[in-house]
There are 2 protein chains.
Amino acid sequence: MSVIFSRQCEYALQAVLYLALKQNGEMTSIRELTKKLKIPYHFLAKILQSLAQKGLLSSLKGPTGGFSLGMPADEITLFHIVEAIDGVAFMHNCVLGFPDCSGENPCPVHERWGGLREELYSMLVSRNIGQMARELTKPEYKT
Amino acid sequence: MSVIFSRQCEYALQAVLYLALKQNGEMTSIRELTKKLKIPYHFLAKILQSLAQKGLLSSLKGPTGGFSLGMPADEITLFHIVEAIDGVAFMHNCVLGFPDCSGENPCPVHERWGGLREELYSMLVSRNIGQMARELTKPEYKT
DNA sequence: ACTTTACCAGACTTGTTAGTCTTAAATTAG
DNA sequence: CTAATTTAAGACTAACAAGTCTGGTAAAGT
Ligand code: FES
Ligand code: FES
């Protein structure tokens with residue numbers, strides 16, 4: 001199912017991109033998010049709580065409450081989210097699963113994967129979620 | 001823990017590379033493989049059985065029995081193994097987990113990931129396991 | 001034939017991730 | 001103040017992947 005990131009992480013990325021479209025300080029409820037993004041309600045709730053605890057989101061209770069980004073959208077990258085949910089192990093583990101990934105005793109694809117891993121990292125950090133969200137054409141992100 | 005492929009798949013790749021070093025027709029026992037590669041015995045047994053059923057390996061019972069490649073080492077690529085164990089979903093799923101991955105409604109990294117995915121595919125098919133195994137310097141693959 | 005060695009098949013257990021449910025606490029509107 | 005709404009917290013269940021165990025079958029050597 002998932003390619004690299006856990007399901008939790010995928011949901012987190014989708015939700016944060018959604019929040020990045022809102023005006024600064026505008027709150028979005030879990031209900032709206034699950035409705036738009038088709039993510040199980042309570043599961044998403046836990047994910048967002050976790051992101052809030054780490055400061056990536058801020059939350060407010062009560063009517064008119066909800067979640068918003070914890071910092072400006074142009075200071076957040078996809079990597080920040082991945083790091084918070086899945087961690088960075090995928091950046092230094094061997095893609096073939098060998099015990100250690102280093103130039104010492106490289107696996108057959110170590111060099112090649114090293115290049116890909118850098119590009120992957122770049123993909124996650126070279127643009128911020130503000131830019132990304134604005135250019136997004138997916139219908140579930142409109143209005 | 002694992003980057004892209006399941007643990008089963010990682011073990012399979014490691015084991016097949018080991019078998020690729022052996023002379024044509026020479027049999028290797030699960031015991032030797034688990035000893036060298038530090039893979040749980042019964043778990044590896046199941047994985048190799050599955051590969052044998054799919055024709056990627058051939059097996060022989062009894063003393064002097066074991067597993068060997070089911071076809072010449074220079075006709076097998078890492079992709080063949082991945083395909084047999086994990087399938088090819090990682091080649092067409094959205095890396096951010098969006099429901100469908102296509103140019104129609106691309107996610108923010110669709111184009112970028114498309115390129116990476118092609119390179120990843122190339123990494124898995126451009127060389128055969130015979131070449132790879134011969135160039136391998138990892139100590140556990142020596143004699 | 002008998003014994004040993006090794007794969008075969010499938011049930012079983014364990015651990016992790018995904019997903020659900022319930023109760024409490026905070027905030028807003030009337 | 002009260003009722004409605006929404007997040008917070010944590011226990012709980014379900015599904016899946018990882019790993020183990022047992023009894024069976026085929027081949028080799030004596
Ligand atoms: S050793 Fe395999 S990717 Fe580095
Ligand atoms: S839509 Fe995300 S990778 Fe294609």
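Just the heavy atoms: all of them, side chains too, but no hydrogens, waters or symmetry mates, feed the values below. None of these values were measured; they are calculated from a predicted model. Residue numbers start from 1 in every chain, and the chains themselves are labelled A, B, ... in the order their sequence lines are given, proteins ahead of strands.
Set against C/dT27, C/dT4, C/dC8, the side chain of B/Pro63 has C/dT4 as its closest nucleotide.
For the pair B/Leu60 CG and C/dA6 C1', the computed distance is 9 Å after rounding to whole Å. Distance CD1 (B/Ile30) to C1' (C/dA6): 8 Å, rounded to an integer number of Å. One interatomic measurement links the two molecules: CD of A/Glu32 to P of D/dT5, which rounds to 16 Å at whole-angstrom precision. A/Lys61 has its NZ atom 10 Å from the P atom of D/dT7, to the nearest Å. Look at NZ on A/Lys35: it is 16 Å from C1' on D/dT6, rounded to the nearest Å. In this entry the distance linking CD1 of A/Ile47 with P of C/dA18 reads 8 Å, nearest Å. Atom NZ of A/Lys38 is separated from atom P of C/dG19 by 15 Å (rounded to the nearest Å). The distance between atom CD of A/Glu10 and atom C1' of C/dG19, rounded to the nearest whole Å, is 15 Å.
In summary, the side chains of A/Asp86 and A/Ser6 do present a donor paired with an acceptor at a separation below 3.5 Å, with no hydrogens or angles considered. Checked by atom type, the side-chain pair B/Glu32/B/Tyr18 shows a donor-acceptor distance below 3.5 Å.
Comment: B/Glu135 engages B/Arg127 in a salt bridge, judged by a side-chain N to carboxylate O separation of less than 4.0 angstrom. Salt-bridge formation is not detected for the pair A/Glu104/B/Lys138: no Lys NZ or Arg NE/NH1/NH2 atom is positioned less than 4.0 Å from an Asp or Glu carboxylate oxygen.
Ring pair B/Phe90/B/Phe79 is tilted by interplanar angle, where 30° to 60° counts as tilted.
At D/dT6, none of the side-chain N or O atoms of A/Ser59 fall inside 4.0 Å of OP1 or OP2 (strictly under the cut-off).
Within 4.0 Å (heavy atoms only), B/Leu48 reaches no atom of the nucleic acid at all.
B/Ser126 places a side-chain N or O within 3.5 Å of a backbone atom of B/Ser122 that can act as its donor or acceptor partner. Proximity of a side-chain donor or acceptor of B/Glu10 to a complementary backbone N or O of B/Arg7 within less than 3.5 Å is not detected.
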Heavy atoms under 4.0 Å is the rule here; annotate nucleotides 9-21 of chain D 5' to 3' with B where the base is hit, S where only the sugar-phosphate is, and - elsewhere. B--------SBBB
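Between B/Leu37 and B/Tyr141, the closest side-chain pair of non-hydrogen atoms falls below 4.5 Å.
Closest-nucleotide positions on DNA chain C for A/Cys9 and B/Phe67 were compared, and the one nearer the 5' end corresponds to B/Phe67.
Less than 4.0 Å separates DNA chain C from no heavy atom of any residue of residues 80-87 of chain A.
The CG atom of B/Leu124 sits 8.0 Å away from atom CG of A/Leu96, with the distance rounded to the nearest 0.5 Å.
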